[in-house]
Trainee: 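Submitted below is the structure of interest, expressed as structure tokens.
Just so it is clear, the values below take in all heavy atoms, side chains as well, and ignore hydrogens, waters and symmetry mates.
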Amino acid sequence: MTKPVRVRFAPSPTGPLHIGGVRTALFNYLFAKKHQGTFVLRIEDTDQTRYVEGAEAYIKESLEWCQIPFDEGPNKKEKFGPYRQSERKHLYKAYAEELIAKGHAYYAFDTADTLDFHRKDHEANGKTFIYNWHNRLKLSNSLSLSASEVRAKLDAGEDYVIRFKSPQDETLHLQDLIRGDIKIDTNILDDKVLFKSDGMPTYHLANIVDDHLMEITHVIRGEEWLPSLALHYQLYNAFGWDAPEFAHLPLILKPTGKGKLSKRDGDKLGFPVFPLEWKDPKTGDISRGYREDGYFPEAMVNFLAFLGWNPGTEQEIFSLDALTDAFDLARVNKAGARFDPDKTKWFNHHYMQEQENHALALEFQKTNVLLADIDIQYIEMVVALIKERATFISDFWELSHFFFMAPTAYDEKAFKKAMKDDTNEILGTLKSLVSSLDDYTVDHLQNTIKGWITSNNIGFGKVMMPLRLALVGALQGPDVFDIMFMIGKAETVKRIDALMAQ
């Protein structure tokens, strides 16, 4: 019987969650939901020196905002808890010692100064120091020392680490769901530290033990962990456990396509690389977030899905449910995915059109003090007219300010283009026509004014350009008759008078 699918997203709380991490979480979520499985959040905080206050809360809030919440994790359905590695540290030493007993690991007593000496000595001779089969018997460890010497060091409380004993002259044949068959020569592998002198496991040991105990069936993670795959496979074999299936996602590349996307790229080109705004608790520096920049979570999820995956069709717009149905690890690329800031805006523009006008109006009102006393239904009608041109809610005021206040100045180029010698005479007649109307609806305004223009053989531009300039202050905006209807007859006449007075 096939095991139920269980995947995990295992970030370290060392700062804000990069969108590469969000993409990893998303792909785990999609895979789990596609297979009616479980999406687990595990906080890998074994490196206490790099722990940052508030980072775990930020990770959880980011997942919630992106609408990809975890099924199990810290303080949520703790079937296999606890889900913070720092709270599981009592587990790992026994597993490390089990590996020693089986001959797959050993105590190493080398001091930092000794290892530094060997590194520098190798560098001086144009070589790279690797702690493995080549030299471990020449160093201070339980392979080179007698049992009594090892016991004496342990009893004396000397600092030690526990290292994995990588094999010599073997070829590992590994499988990756994205990259296929991978061959590794064990002679190039170093004896990684599994357990540190501070009593904490390294990522490698804790990761394997936790994945096993939490019954993880698939490990979907970033390409940066590919070099660790050989060790992780060997650890599963050393323990005698069945390994999960592995899939290593491609890097997210800079907009140029060269190199991994970083915060510096976002700062330079004007886009965020974090889902939410982050304030560094130590420096007070603030990093922009997609949420605060006005992106919709649906847009972020949609564009992240296409960073390394494609559905095999021309379709680009996917709801989360549609992504779940379409997602397949077989369609994840090996090559890095270039990040395109303009494409992210394209997605956001699309999802802008799908938002309810009332919700957008409330957000618009909340973000602009000038709208505090304006009827929300009026704002909603304005939003309906202008959102097609908007990418963010922050665009709304620029696109709609003339619905709320008369122009105080006129675009210079537009003024020269619209205002001719006979324009005031035409506007005067138009003003009288507008003033006489009892039926002040969009259709009646349009039919009446266009009929007047046609019957008097006046060029449409000679009327419509100065009329738009009077209403907006520039030659832009939605349909003129919609604007006239929205601001009302008295305000329309007032604005025509103001332009004629220039």
Side-chain angles (χ1 to χ4, degrees), residues 1-11 17 19-44 59-60 62-74 76-81 83 174-182 207-223 225-226 229 232-233 236 241-250 252 297-298 300-313 315-334 337:
M1 181 177 177
T2 304
K3 292 181 180 179
V5 166
R6 289 178 59 81
V7 300
R8 69 357 179 233
F9 175 52
L17 183 63
I19 59 169
V22 182
R23 196 269 309 262
T24 298
L26 173 63
F27 282 19
N28 274 278
Y29 175 91
L30 294 175
F31 185 83
K33 299 310 166 186
K34 176 72 175 278
H35 298 282
Q36 294 78 51
T38 302
F39 174 46
V40 177
L41 173 66
R42 187 171 70 230
I43 302 299
E44 303 208 331
I59 291 166
K60 292 178 181 177
S62 295
L63 297 180
E64 291 290 339
W65 179 72
C66 290
Q67 299 169 5
I68 50 173
F70 55 94
D71 300 310
E72 291 175 18
K76 187 176 183 181
K77 296 182 181 177
E78 295 202 350
K79 180 180 179 182
F80 293 92
Y83 291 85
L174 314 178
Q175 290 292 318
D176 186 277
L177 293 172
I178 295 171
R179 294 155 200 283
D181 297 336
I182 301 172
N207 175 276
I208 296 305
V209 170
D210 287 343
D211 282 349
H212 172 70
L213 295 179
M214 294 182 181
E215 300 181 7
I216 300 302
T217 59
H218 296 77
V219 173
I220 304 168
R221 59 190 182 185
E223 180 180 307
W225 293 112
L226 198 54
L229 183 59
H232 294 176
Y233 258 111
Y236 277 104
W241 299 336
D242 291 334
E245 295 192 69
F246 288 89
H248 289 83
L249 306 176
I252 298 179
E298 301 92 337
M300 184 171 179
V301 163
N302 205 150
F303 81 68
L304 281 179
F306 275 80
L307 291 177
W309 170 86
N310 73 81
T313 66
Q315 182 179 347
E316 291 187 281
I317 301 301
F318 284 83
S319 66
L320 192 57
D321 287 342
L323 279 174
T324 301
D325 291 339
F327 187 75
D328 187 344
L329 283 173
R331 298 208 63 84
V332 175
N333 304 320
K334 298 177 186 178

Trainee: Tell me, which pairs form a salt bridge (charged side-chain N to carboxylate O under 4.0 Å, His left out) where one or both residues lie in residues 31-41, sequence neighbours left out?
Mentor: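 As it turns out, the salt bridge (charged side-chain N to carboxylate O under 4.0 Å, His left out) pairs with a partner in residues 31-41, which skip direct neighbours, are Lys33-Asp71.
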Trainee: Got a sec, which residues hit salt bridge (charged side-chain N to carboxylate O under 4.0 Å, His left out) with Glu316, two or more places apart in sequence or on another chain?
Mentor: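 Once residues adjacent in sequence are excluded, the partners of Glu316 under the salt bridge (charged side-chain N to carboxylate O under 4.0 Å, His left out) criterion are Lys343.
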Trainee: Taking side chain as C-beta onward, heavy atoms only, is Phe306 less than 4.5 Å from Pro311?
Mentor: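 SC-SC contact between Phe306 and Pro311 confirmed.
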Trainee: My understanding is that only residues two or more places apart in sequence, or in another chain, count here; which of them pass side-chain contact (heavy atoms from CB on, under 4.5 Å) with Gln36?
Mentor: none
Trainee: Using only atom types and a distance under 3.5 Å, with no angle test, would you say the side chain of Thr217 pairs donor to acceptor with the backbone of Arg6?
Mentor: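 Yes: the side chain of Thr217 pairs with the backbone of Arg6.
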Trainee: Mind checking side-chain hydrogen bond (donor to acceptor under 3.5 Å, both in side chains) for Asp242 and listing every partner two or more places apart, or none if nothing turns up?
Mentor: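 Result, side-chain hydrogen bond (donor to acceptor under 3.5 Å, both in side chains) vs Asp242: none returned.
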Trainee: Would Ile59 and Val22 count as a side chain to side chain contact (heavy atoms under 4.5 Å, CB included) if you check the C-alpha gap in whole Å, the side-chain angles of each, and the deciding distance to 0.1 Å?
Mentor: CA-CA 9 Å; Ile59 291 166; Val22 182; over 6 Å; no
Trainee: Say you draw a straight line from CG of Asp176 to CG of Asp181; how long is it, rounded to the nearest 0.5 Å?
Mentor: 10.0 Å
Trainee: Could you list the residues that satisfy side-chain contact (heavy atoms from CB on, under 4.5 Å) with Lys77, not counting sequence neighbours?
Mentor: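 For Lys77 the side-chain contact (heavy atoms from CB on, under 4.5 Å) partners, ignoring immediate neighbours, are Glu72.
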Trainee: Determine, stepwise, if the pair Phe39 / Phe31 fulfils ring-ring contact (aromatic ring centres under 6.0 Å, His included).
Mentor: CA-CA 9 Å; Phe39 174 46; Phe31 185 83; over 10 Å; no
Trainee: Can you find a side-chain donor-acceptor pair between Arg179 and His248 that sits under 3.5 Å?
Mentor: no
Trainee: Given Leu26 and Met300, is the side chain to side chain contact (heavy atoms under 4.5 Å, CB included) satisfied, shown in steps?
Mentor: CA-CA 10 Å; Leu26 173 63; Met300 184 171 179; over 6 Å; no
Trainee: Return the set of residues passing side-chain contact (heavy atoms from CB on, under 4.5 Å) with Lys60 (not counting sequence neighbours), or none when no residue passes.
Mentor: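 With neighbours one apart ignored, the set is Leu41, Glu56, Phe70, Pro74, Asn75, Arg84.
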Trainee: For this output row, return yes or no: ring centroids of Tyr233 and Phe246 closer than 6.0 angstrom.
Mentor: yes
Trainee: Going by the rule ring pair (Phe, Tyr, Trp, His ring centres under 6.0 Å), which residues pair with Trp241 if we only count those two or more places apart in sequence or in a different chain?
Mentor: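 Result, ring pair (Phe, Tyr, Trp, His ring centres under 6.0 Å) vs Trp241: Tyr95, His212, Phe239.
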Trainee: Taking side-chain hydrogen bond (donor to acceptor under 3.5 Å, both in side chains) as the test, write out the residues that go with Asp210, two or more places apart.
Mentor: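 Here the qualifying residues are Gln85, Arg88, Tyr92.
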Trainee: Under 4.5 Å between any side-chain heavy atoms of Phe327 and Val332, yes or no?
Mentor: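 Yes, their side chains come closer than 4.5 Å.
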Trainee: I'd like to know if the side chain of Tyr83 and the backbone of Val40 have a donor-acceptor N/O pair within less than 3.5 Å.
Mentor: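 Between the backbone of Val40 and the side chain of Tyr83 there is no qualifying donor-acceptor contact (under 3.5 Å).
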Trainee: Of all residues at least two apart in sequence or in a different chain, which pass the side-chain hydrogen bond (donor to acceptor under 3.5 Å, both in side chains) check with Glu245?
Mentor: His218
Trainee: For Leu249 and Glu223, what are the C-alpha separation, side-chain angles and deciding distance, and is it a side chain to side chain contact (heavy atoms under 4.5 Å, CB included)?
Mentor: CA-CA 5 Å; Leu249 306 176; Glu223 180 180 307; over 6 Å; no
Trainee: Ignoring hydrogens and geometry, is there a side-chain-to-backbone donor-acceptor pair from Arg23 to Leu307 under 3.5 Å?
Mentor: yes
Trainee: Test side chain to side chain contact (heavy atoms under 4.5 Å, CB included) on Phe318 and Val301 and set out the steps.
Mentor: CA-CA 9 Å; Phe318 284 83; Val301 163; over 6 Å; no
Trainee: Can you find a pair of side-chain heavy atoms, one from Ile19 and one from Leu304, that are under 4.5 Å apart?
Mentor: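 They are in side-chain contact.
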Trainee: Which residue pairs pass the side chain to side chain donor-acceptor pair (under 3.5 Å) test with at least one member in residues 300-312, sequence neighbours excluded?
Mentor: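 Every pair satisfying side chain to side chain donor-acceptor pair (under 3.5 Å) with a residue in residues 300-312: Asn302-Tyr351, Asn310-Arg331.
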Trainee: Is there a side-chain contact between Asn28 and Arg8 (heavy atoms, below 4.5 Å)?
Mentor: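 They are not in contact (no side-chain heavy atoms under 4.5 Å apart), so the answer is no.
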Trainee: Tell me, please, which residues at least two apart from Phe80 pass ring pair (Phe, Tyr, Trp, His ring centres under 6.0 Å).
Mentor: none
Trainee: May I ask you to decide if Pro69's main-chain N or O and Gln67's side chain share a donor-acceptor pair within less than 3.5 Å?
Mentor: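 Looks like no, no N/O pair under 3.5 Å.
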Trainee: Name all residues meeting the salt bridge (charged side-chain N to carboxylate O under 4.0 Å, His left out) criterion together with Glu44; count only those two or more places apart in sequence or in a different chain, and write none if there are none.
Mentor: Arg42
